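Beneath this line is the structure, given in structure tokens, with notes to follow.
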Amino acid sequence: MSDVRVRFAPSPTGTLHVGSARTALYNYLFARHHGGVLVLRIEDTDLKRSLREHEQSIVRDLHWLGLQADEGPDVGGRYGPYRQSERGPLYEAGVQQLLATHSAYHCFCTQERLESLKAEQLAAGRMPKYDRLCHHLAPEVVEARLEAGVPATIRFLVPEGDISFVDLIHGPITFSSDVIGDFILKRTDGGFAYNFAVVVDDAGMKITHVIRGEDHITNTARQLMLYAALDEPAPRYGHHSLIHGPDGGKLSKRHGATSIGEFRDLGYLSDAVVNYLALLSWHPGDEREKLTLDEVVEGFDMSRASKSAAIFDLDKLNWLNGLYIRALTAADLSEIVRPYLREQGLEFAEGQRQVVAAAIQANLVVLEEAPRYARVFSDDLVITASTHLAALDEPGVRTALEAARERLSRAEGEYFEVDEGRALLKDVVDACAGQGVKGKAIYKPLRVALTGLDQGPELFYLIAGLGRSRIVARLDAALAYLEERSA
RNA sequence: GCCCCCAUCGUCUAGUGGCCUAGGACAUCGCCCUUUCAAGGCGACGGCGGGGAUUCGAAUUCCCCUGGGGGCACCA
């Protein structure tokens, strides 16, 4: 095992979003590809918005995707605790260290002053930046105010000079430090700021590579300064592009499903979702499109990750999902699809299930659509004397239906294998041919008689999966209808 | 406003100075298969944002412009 250690650090303020899922995936891929370790860290420094149930749903979604971490609050590890809310003493020690080395100072400025300062600077066309008023306070003054209980924050004293690093995806990036104001390390409420907590955690957890979204790119400068001030070795950074909605803007709810849980509920397969997410701004170097997680791990290389933002393309995800659904065996599909059918009140018999699954397999884009296609096989189906029944008004139809009834009613058993269905259909067609009836007097009328619809599964699936008694009943009903018409 | 990142078909992308008449996939359209719908097969449509510079030669290198995105918090 190499010494590569990466982390996925979601904040539990909501469910797992596709964007975060991709960050998790990239970390997972990087870790596995290099034989390293993936740690899951919960960034719940914002107690007000962080919920334990969100943490649990994130962990569950990660598992569903197959992206298990090697260390984390759910599995433990040597570098815990893995929740920021439980790491307070570590942050406090860090702050004390920075205070002792004069890399940090207390600040007593009120929110009001900070806000007006910011407004002033913005109006003057400058970048908002703290003016270091409190940095110039005499030590006795600071001591006295602290003693008196004046609310204080602790700020980092941003050092002079440019700060640059080589991003794993973007290459060299440089920031001028005078564009960065003295940021807060510890809030008046005693909580620690994200940029600081992250550094203490990444250093403490021996993270070697930080792989995250591009929205963190400017944070990197701050974090690098902190590593230097803390005298800790800095990790390497890789910032992947963000996912946008079809309109080019930030991906949001108005673009449809955006959380992993929603995709799962709609009936996307985890393999398809992972495959799609991997392909979004990454490619294997050849022309493969359908890849297993292991194959992606094998070929994964940060330098092949695209620098530009990718638009979430539901059409392509749908295509991939269909591909994965079609790759399933009928037995597996029939089980996977069961809850979706049951939800719509569709329950199929033992011998029926697999035929039904096989019959609808090619139609499915998403599992949620299963009931719509499977309904013809159930008693839910109501055949009315609609326009479709007009298809029965063809010469020879009566003969065909009678032949079908005759042949099918004496078949052995209730449900049949697909191949038996095929053979049965052939028998019927042959029988019809024997009586001079063929072609359009058979296929469509038979379909309409059996389903009341002019489209649906292949006839042999219908014969195999409908059930002999249902077939006979529906045929009888159609025959009765014909009787009525001719009377 | 300031800082940072990005820029090839509608979308995801290949492309690292001549193999490019810019390749693949999704979507779209057409044909084939199929006595239905799909699936599948074949094909078509469709792109290097603009301007300079370097070079014998630029999608590929450099500069400017434009456009898009991100950041500038006592959020993460």
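Because the structure is predicted, anything quoted here is derived from the model rather than measured.
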### Task
May I ask you to say whether K118(A) pairs ionically with E120(A), meaning some side-chain N is under 4.0 Å from a carboxylate O?
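Answer for the salt bridge query: no.
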### Message
Could you check whether R83(A) pairs with D44(A) (Lys NZ or Arg NE/NH1/NH2 to Asp/Glu carboxylate O, under 4.0 Å)?
### Response
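Answer for the salt bridge query: no.
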Using a cut-off of 4.0 Å on non-hydrogen atoms, how would the nucleic acid contact of [X] be classed: base, sugar-phosphate, or nothing?
{"X": "K307(A)", "result": "sugar-phosphate"}
{"X": "T153(A)", "result": "base"}
{"X": "S281(A)", "result": "sugar-phosphate"}

If you compare every side-chain N and O of [X] against the phosphate oxygens of [N] (OP1, OP2), does one of them come in below 4.0 Å?
{"X": "R288(A)", "N": "A14(B)", "value": "no"}
{"X": "H283(A)", "N": "A14(B)", "value": "yes"}
{"X": "R187(A)", "N": "C75(B)", "value": "yes"}
{"X": "R304(A)", "N": "A14(B)", "value": "no"}
{"X": "S306(A)", "N": "U13(B)", "value": "yes"}
{"X": "T45(A)", "N": "A76(B)", "value": "yes"}

### Message
Base of A76(B), side chain of N219(A) - is there a donor-acceptor contact under 3.5 Å?
### Response
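Yes, a donor-acceptor pair under 3.5 Å.
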### Message
Whether the side chain of T188(A) and the base of C74(B) hold a donor-acceptor pair under 3.5 Å is what I'd like checked.
### Response
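Side chain to base: pair found, below 3.5 Å.
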### Task
Assert yes or no for the condition that the ring centre distance of Y194(A) to H216(A) is strictly below 6.0 Å.
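Yes; H216(A) has its ring centre under 6.0 Å from that of Y194(A).
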[N] pairs with, by Watson-Crick or G-U criteria that keep both distances under 3.5 Å:
{"N": "U34(B)", "value": "none"}
{"N": "U16(B)", "value": "none"}
{"N": "A7(B)", "value": "U66(B)"}
{"N": "C2(B)", "value": "G71(B)"}

### Query
What's the NZ-C1' distance between K316(A) and A27(B), to the nearest Å?
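To the nearest whole Å, that distance equals 10 Å.
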### Task
Could you tell me the separation between the NE2 atom of H244(A) and the C1' atom of C5(B), rounded to a whole number of Å?
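Between C1' of C5(B) and NE2 of H244(A): 11 Å.
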#### Entry: Partner residues of H255(A) under the side-chain contact (heavy atoms from CB on, under 4.5 Å) criterion, sequence neighbours left out
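For H255(A), the residues satisfying side-chain contact (heavy atoms from CB on, under 4.5 Å) (neighbours in sequence not counted) are P246(A), D247(A), L251(A), S252(A).
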Pick the [atom1] atom in [N] and in [M], then give their distance to the nearest Å.
{"N": "A22(B)", "M": "U13(B)", "atom1": "C1'", "value": "13 Å"}
{"N": "C20(B)", "M": "C12(B)", "atom1": "P", "value": "25 Å"}
{"N": "C62(B)", "M": "A7(B)", "atom1": "P", "value": "12 Å"}

#### Entry: Per H216(A) side chain, nearest of listed nucleotides G70(B), A73(B), A76(B)
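The listed nucleotide nearest to H216(A)'s side chain is A76(B).
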### Query
Considering residues at least two apart in sequence or located in another chain, which fulfil the salt bridge (Lys or Arg N to Asp or Glu O under 4.0 Å) criterion with R212(A)?
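In terms of salt bridge (Lys or Arg N to Asp or Glu O under 4.0 Å), with neighbours along the sequence ignored, R212(A) is linked to no residue.
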